[in-house]
Structures are given as structure tokens and as C-alpha cells.
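Below: one structure, written as C-alpha cells.
All values below were derived from every heavy atom in this structure, side-chain atoms included, with hydrogens, water molecules and symmetry-related copies excluded.
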Amino acid sequence: MRKLIFVILLAVSLPFAAAAQNKESRGHGYVFAALGGLNQEAATIHVGGGGDRLVYKGLGVGGEVGYLRFIEEGQGLGVLSPNVSYHFTNATRSGKFAPFVTSGYSLLFAGGVASAVNFGGGMNWWFKDRVGLRLEFRDHVVIASSAPHLYGVRIGLAFR
């Protein structure tokens, strides 16, 4: 399982390494921490990181990996999510505020695995040329008969 995660992370990060050599940024990376819950019943904390690569105008592809922990129970699980996104690149004249929406597949893994879909949105505030504040809401809906929601409000750093 560790080899699979390493290969996926490597595949997701290679486009960002290539983009870093260009003067104009076509992608960005990020790290985050989130407080959230499971169907408003259990509190969670979620930490992780990932990135997006713009492939056509505001359309992006990317992924992230993280760890989600149930605070009261002390149990946790890994979360791996390849995503598509749309970045509203011309939303402000200054380009400092960059709203986005995102959605994709999520693999949840601990003793076993579960599939989920995720969706969310937020914004990056680029207060420096290459560093910004990232604010986001994300919901992971587990594909099951009861369809539990793992949601979180995220805050983090974005970099390009």
C-alpha cells in the first residue's frame, strides 16, 4: 500500500516540478488543516497536502493525500483524492483572490478501503507572489447505502 501511495504522489507532483521552471505559474501546491465532522455526529480533524495543475484556461487536475482523525474515538484513516477543479482566474483584476471549485474521487483507507466522492470550493488569497492563504470547504460522501458525509472547513497555505 505504501508503494502505491508513493507512486501516485510522484505522478501527481511531477507536473508541478516542470511548471516551477516556467516564469508563469500554471499550477500550485497547498497544505491544510481542517476541522469538521461525520454527519454532525463525530468531530474530525483532517491534515494533508496536494496540488493542482491548470491544463486548459481555468480547468485543472490534481490530487491530495491526507490523514483524517475522529477526535473522540482516536481512530483515523488515510484519504487519497485525485480531483478536477475550475479556477476562476479572472475573478479579480489584481489576481490576488482566486476562487475555485473542485470535485473528484476519494479512497479512504485504514484496515480496509472505502470509496467516496468529494466536492467543495474555496479561494486562494495570494498575499505574496508565490505564497497565499487557502480557505476551503470540502465534503467527502462515502459511497454506501447510508452515504455518510465527512465534511471539513479547511485553512492552509498555497504556494506556486
Side-chain angles (χ1 to χ4, degrees), residues 1-19 25-89 98-124 132-160:
M1 181 63 109
R2 287 184 184 178
K3 287 182 183 180
L4 174 64
I5 292 172
F6 176 76
V7 169
I8 292 171
L9 285 175
L10 184 63
V12 167
S13 65
L14 283 177
F16 299 106
S25 177
R26 298 286 302 149
H28 68 274
Y30 58 90
V31 293
F32 68 89
L35 291 176
L38 168 67
N39 288 351
Q40 300 177 352
E41 296 170 6
T44 62
I45 187 164
H46 187 177
V47 294
D52 280 321
R53 171 84 170 123
L54 297 180
V55 294
Y56 179 74
K57 296 189 179 182
L59 184 64
V61 296
E64 66 180 42
V65 64
Y67 179 74
L68 187 141
R69 182 168 188 246
F70 298 96
I71 295 173
E72 291 90 15
E73 298 173 16
Q75 300 173 355
L77 52 100
V79 181
L80 178 67
S81 300
N83 290 318
V84 295
S85 58
Y86 187 81
H87 299 261
F88 300 93
T89 54
F100 63 89
V101 292
T102 184
S103 184
Y105 170 79
S106 292
L107 177 67
L108 310 174
F109 53 95
V113 296
S115 292
V117 294
N118 72 75
F119 58 91
M123 64 168 260
N124 292 318
L133 176 69
R134 182 179 179 96
L135 301 172
E136 179 182 4
F137 173 81
R138 183 76 64 101
D139 189 5
H140 298 266
V141 182
V142 180
I143 302 170
S145 59
S146 62
H149 289 256
L150 290 162
Y151 60 89
V153 176
R154 298 175 171 193
I155 186 168
L157 287 177
F159 46 90
R160 54 183 172 190

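- Of all heavy-atom pairs spanning Val31 and Phe159, the tightest one is N-CE2, 4.3 Å.
- Inter-residue side-chain proximity for Val65 and Val79 is flagged as unmet; no heavy-atom pair is nearer than 4.5 Å.
- Taking the six-membered ring where the residue is Trp, Tyr30 and Phe32 present tilted rings, their angle falling between 30° and 60°.
- Atom NZ of residue Lys57 and atom CZ of residue Phe88 lie 14.0 Å apart, to the nearest 0.5 angstrom.
- The heavy-atom pair separating Thr44 from Leu68 by the smallest distance is CG2-CD2, 3.9 Å.
- Of the N and O atoms on the side chains of Ser85 and Thr102, not one donor lies less than 3.5 Å from an acceptor on the other residue.
- How far NE2 of His46 is from OH of Tyr151: 14.5 Å, rounded to the nearest 0.5 Å.
- The two residues Ala43 and Glu72 come nearest to each other via the heavy atoms N-OE1, 3.3 Å.
- For the pair Val153 and Phe137, the tightest heavy-atom approach, listed with the atom from each and the gap, is CG2-CD1, 4.2 Å.
- Closest non-hydrogen pair, Arg160 versus Gly27, comes out as CB-O, 3.5 Å.
- No side-chain donor-acceptor contact under 3.5 Å links Asp139 to the backbone of Phe119.
- Summarising the geometry, atom CG belonging to Leu135 is positioned 6.0 Å from atom CE belonging to Met123; distances are rounded to the nearest 0.5 Å.
- In this structure, the separation between CG on Leu108 and CD1 on Ile143 is 9.5 Å, given to the nearest 0.5 Å.
- The shortest non-hydrogen separation linking Ala116 to Val142 is CB-CA, 3.7 Å.
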Check against side-chain contact (heavy atoms from CB on, under 4.5 Å), Asn83 and Arg138: CA-CA 12 Å; Asn83 290 318; Arg138 183 76 64 101; 3.2 Å; yes
Test log, rule side-chain contact (heavy atoms from CB on, under 4.5 Å), inputs Leu77 and Phe70: CA-CA 9 Å; Leu77 52 100; Phe70 298 96; 3.7 Å; yes
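- Using the six-membered ring where Trp is involved, His28 and His87 have ring planes that are perpendicular, over 60° apart on the 30 and 60° scheme.
- Within the model, atoms CG of Leu133 and CG of Leu157 stand 7.0 Å from one another, a figure rounded to the nearest 0.5 Å.
- For the atom pair Asp52 CG and Asn124 CG, the distance stands at 8.5 Å (nearest 0.5 Å).
- Between Ser81 and His140, some side-chain heavy-atom pair lies under the 4.5 Å cut-off.
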